[in-house]
Asks: 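Supplied in structure tokens, the structure appears directly below.
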Amino acid sequence: MPSFTSSSPSLSADANAIMFMDERERARILAKAALFSPPSATLPDGRRDLVGLSREEITDILAEIGEKPFRTKQLWHWIYHQGVTDFSRMSTIAKPLQEKLAERFIIGRPEPAMVQTSSDETRKFLFRFRDGQEAETVYIPDRREDRGAVCISSQVGCTLSCTFCHTGTQKLVRNLGAAEIVSQFMAARDSYAEWPSLKGETPRLLSTIVLMGMGEPLYNYENVAKAMKIIMDGEGIGLSRRRITLSTSGVVPLMDRCGDELGINLAVSLHAVRNDLRDQIVPLNRKYPIEEVLAACRRYPAASNARRITFEYIMLRDVNDSDADARELVRLISGIPAKVNLIPFNPWPGSDYRPSTRERQAKFAEIVMNAGFASPIRTPRGRDILAACGQLKTASERARAGQTATDE
């Protein structure tokens with residue numbers, strides 16, 4: 001197994017210029033994200049959703065109704081440790097205050113508009129939010145142990161138009177708010193009766209989070225970061241940063257910020273080893289080419305032998321699956337503490353791609369593995385429940401459109 005060391009080049013005039021350009025680009029990305037802001041967390045009746053608020057925000061709104069700061073810790077425990085959604089079940093809070101809170105606040109969850117469970121126990125949720133928009137969440141159980149990953153969405157639709165991805169056929173509608181991101185995980189826990197949270201590293205069925213659902217998380221960075229900080233809070237859900245992975249197509253300026261502020265695991269949707277091909281498969285590459293993405297990976301602070309960067313590589317027959325592609329992939333990631341997830345393409349209606357053959361997948365994996373990088377071939381899951389990202393939402397939209405036409 002190769003040994004990796006990280007090194008930080010000394011700042012030069014060129015490095016300072018790059019940092020300045022990155023700051024400007026970060027500001028541009030965040031300004032654009034504001035154009036797709038989620039709706040207000042305040043309901044039409046004036047009540048405010050407490051889910052998704054920071055401790056400081058909860059303290060402030062409690063002060064507005066004359067309550068002391070210590071109430072924040074009580075509410076945090078009941079909301080995020082116990083998973084309670086009804087103020088009347090908060091036994092450490094007196095009944096008059098329970099009633100006062102219920103008049104002014106809610107502890108929200110998205111509506112499970114559709115839930116499908118596969119024969120392999122993968123469970124897919126289509127969650128509907130208060131404005132009627134929908135996004136998908138998937139629980140993928142481990143085949144060997146009583147644990148699994150919750151795949152969470154960060155946007156309604158997507159702006160990247162990756163040609164292999166079904167979500168890429170859906171235009172970006174809006175970003176999800178911190179409450180909507182956190183509550184996907186909380187609603188999945190509801191489904192599996194996974195409350196209260198356990199302390200420390202004790203595994204649960206819903207033991208990890210992967211931000212690999214609909215949308216590009218780094219194009220909604222501020223809401224994603226706020227949500228992950230809530231989830232990592234040790235007095236609530238308490239999920240370790242080591243159990244959270246953010247997947248990006250390579251939004252370079254915010255990869256740096258994510259590493260500095262959150263320190264969660266990083267997965268990069270690479271999918272090609274040449275810029276001309278990646279330009280087609282992952283159009284974001286035209287802005288942030290492979291060389292810049294890999295440079296960001298090399299400086300990602302959380303990367304180490306113990307916490308390797310994952311490179312996601314979808315296997316497309318006769319497109320990116322040759323022996324030469326595998327050898328070039330090895331060359332590109334040399335020196336990065338990394339593993340490679342090889343993903344058989346999950347066909348969806350209208351796609352022009354076909355999955356690589358099993359023989360080709362195995363040969364590709366062998367080349368990467370012989371170079372010292374773990375290269376598991378992901379086992380397709382949930383194929384009997386429209387498991388490709390975005391399919392369930394498309395099916396729901398068609399059904400709703402058909403119902404509207406019938407009603408008319």
Asks: Not counting sequence neighbours, which residues clear salt bridge (Lys or Arg N to Asp or Glu O under 4.0 Å) with Lys287? List them please.
Replies: Glu25
Asks: Does Arg242 offer a backbone N or O that forms a donor-acceptor pair with the side chain of Asn265 under 3.5 Å?
Replies: yes
Asks: When you measure from the side chain of Asn320 to the backbone N and O of Ile314, does any donor-acceptor pair fall under 3.5 Å?
Replies: yes
Asks: Tell me, please, which residues at least two apart from Phe364 pass ring-ring contact (aromatic ring centres under 6.0 Å, His included).
Replies: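 For Phe364 the ring-ring contact (aromatic ring centres under 6.0 Å, His included) partners, ignoring immediate neighbours, are Tyr313.
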Asks: Output every pair passing ring pair (Phe, Tyr, Trp, His ring centres under 6.0 Å) with a member in residues 86-120, not counting sequence neighbours, ordered by first then second residue.
Replies: none
Asks: According to salt bridge (Lys or Arg N to Asp or Glu O under 4.0 Å), who are the partners of Arg307, at least two apart in sequence or on a separate chain?
Replies: none
Asks: Can you name the closest pair of heavy atoms from Val273 and Ile290 and give their distance?
Replies: C-CD1, 3.6 Å
Asks: Return yes when atom CZ of Arg28 has more than 12 non-hydrogen atoms of other residues, nucleotides or ligands closer than 6.0 Å, and no otherwise.
Replies: yes
Asks: Determine, stepwise, if the pair Glu216 / Ser154 fulfils side-chain hydrogen bond (donor to acceptor under 3.5 Å, both in side chains).
Replies: CA-CA 7 Å; Glu216 165 55 64; Ser154 57; over 6 Å; no
Asks: With sequence neighbours excluded, give me every ring pair (Phe, Tyr, Trp, His ring centres under 6.0 Å) pair touching residues 266-289.
Replies: Phe164-His271
Asks: For the pair Arg317 (side chain) and Arg354 (backbone), establish whether a donor and an acceptor sit closer than 3.5 Å, ignoring hydrogens and angles.
Replies: no
Asks: Are Met186 and Ile79 close enough that some pair of their side-chain heavy atoms sits under 4.5 Å apart?
Replies: yes
Asks: Other residues, nucleotides and ligands only: do more than 12 of their heavy atoms fall within 6.0 Å of CG on Asp352?
Replies: no
Asks: Please name all residues satisfying ring-ring contact (aromatic ring centres under 6.0 Å, His included) with Phe127, sequence neighbours left out, ordered by chain then number.
Replies: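 Partners of Phe127 by the ring-ring contact (aromatic ring centres under 6.0 Å, His included) criterion, ordered by chain and then number, come out as Phe125.
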Asks: Decide if atom CD of Glu121 counts as having more than 12 heavy atoms of other residues, nucleotides or ligands within a radius under 6.0 Å.
Replies: no
Asks: Are Leu101 and Leu75 close enough that some pair of their side-chain heavy atoms sits under 4.5 Å apart?
Replies: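 They are in contact (side-chain heavy atoms under 4.5 Å apart), so the answer is yes.
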Asks: Find out whether Met90 and Ile107 are in side-chain contact, i.e. whether some heavy atom of one side chain is under 4.5 Å from a heavy atom of the other.
Replies: yes
Asks: Can you tell if the side chain of Leu176 reaches within under 4.5 Å of the side chain of Gln133, non-hydrogen atoms only?
Replies: no
Asks: Mind checking whether Met255 and Leu266 have side chains closer than 4.5 Å, heavy atoms only?
Replies: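 When only atoms from C-beta onward are counted, Leu266 and Met255 do touch, with a gap below 4.5 Å.
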Asks: Kindly say whether Ser153 contributes a backbone atom to a donor-acceptor pair with the side chain of Glu136 at under 3.5 angstrom?
Replies: no
Asks: In sequence, state the C-alpha distance, the side-chain angles, and the governing distance for Glu180 and Asn223, and then conclude on side-chain hydrogen bond (donor to acceptor under 3.5 Å, both in side chains).
Replies: CA-CA 9 Å; Glu180 294 168 324; Asn223 285 309; over 6 Å; no
Asks: Can Ser191 and Arg123 be said to form a side-chain hydrogen bond (donor to acceptor under 3.5 Å, both in side chains), step by step?
Replies: CA-CA 10 Å; Ser191 180; Arg123 184 171 297 178; 2.8 Å; yes
Asks: State whether the side chain of Ser334 and the backbone N or O of Arg331 hold a donor-acceptor pair below 3.5 Å, judged by distance alone.
Replies: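 No, the answer is negative, given that no donor and acceptor are paired below the 3.5 Å cut-off.
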Asks: For Glu194 and Leu205, indicate whether the former's side chain and the latter's backbone hold a donor-acceptor pair under 3.5 Å.
Replies: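 Pair found, side chain donor or acceptor close to backbone of Leu205.
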Asks: How would you list all residue pairs meeting salt bridge (charged side-chain N to carboxylate O under 4.0 Å, His left out) that involve residues 275-284, not counting sequence neighbours?
Replies: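 Listed once each, the pairs are Arg274-Asp276.
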Asks: Give a yes or no on this: more than 12 heavy atoms of other residues, nucleotides or ligands lie within 6.0 Å of atom CZ of Arg358.
Replies: no
Asks: Quick one: which residue pairs count as a ring pair (Phe, Tyr, Trp, His ring centres under 6.0 Å) with a foot in residues 209-248, not counting sequence neighbours?
Replies: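 Every pair satisfying ring pair (Phe, Tyr, Trp, His ring centres under 6.0 Å) with a residue in residues 209-248: there are none.
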Asks: Would you name the heavy atoms of Arg109 and Gly83 that are closest together and state the gap between them?
Replies: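 Nearest heavy atoms, Arg109 then Gly83: NH2-O, 3.4 Å.
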Asks: Among residues at least two apart in sequence or on other chains, which ones pass salt bridge (Lys or Arg N to Asp or Glu O under 4.0 Å) with Arg71?
Replies: Glu67
Asks: Looking at Ala179, is its backbone amide N or carbonyl O close enough to the side chain of Ser183 to form a donor-acceptor pair, meaning the two atoms are under 3.5 Å apart?
Replies: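 Answer holds: yes.
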Asks: Is the shortest heavy-atom distance from the side chain of Gln184 to the side chain of Val150 under 4.5 Å?
Replies: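 Result no, sub-4.5 Å side-chain heavy-atom pair not found.
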Asks: Indicate yes or no: at least one non-hydrogen side-chain atom of Arg243 is less than 4.5 angstrom from one of Ile209.
Replies: no
Asks: Taking Gly148's backbone N and O only, do any of them form a donor-acceptor pair with Ser207's side chain (distance below 3.5 Å, no angle check)?
Replies: yes
Asks: Going through the distances and angles, do Ile281 and Leu316 end up as a side-chain contact (heavy atoms from CB on, under 4.5 Å)?
Replies: CA-CA 10 Å; Ile281 297 176; Leu316 304 173; 4.1 Å; yes
Asks: Is the count of non-hydrogen atoms from other residues, nucleotides or ligands lying under 6.0 Å from Lys339 atom NZ greater than 12?
Replies: no
Asks: Go through the structure and list residues passing salt bridge (Lys or Arg N to Asp or Glu O under 4.0 Å) with Asp86, not counting sequence neighbours.
Replies: none
Asks: Sort and list the pairs that fulfil ring pair (Phe, Tyr, Trp, His ring centres under 6.0 Å) and have at least one residue in residues 49-77, not counting sequence neighbours.
Replies: Trp76-Tyr80, His77-His81
Asks: Should Thr248 and Leu254 count as side-chain neighbours, where that means a heavy-atom distance under 4.5 Å?
Replies: no
Asks: Taking all non-hydrogen atoms of both residues into account, name the closest pair between Gly263 and Ala302 and its distance.
Replies: O-CB, 3.7 Å
Asks: What pairs meet the salt bridge (charged side-chain N to carboxylate O under 4.0 Å, His left out) rule with one or both residues in residues 248-268, with sequence neighbours excluded?
Replies: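 For residues 248-268, and leaving out neighbouring residues, the salt bridge (charged side-chain N to carboxylate O under 4.0 Å, His left out) pairs sorted by first residue read Asp256-Arg299, Arg257-Glu261.
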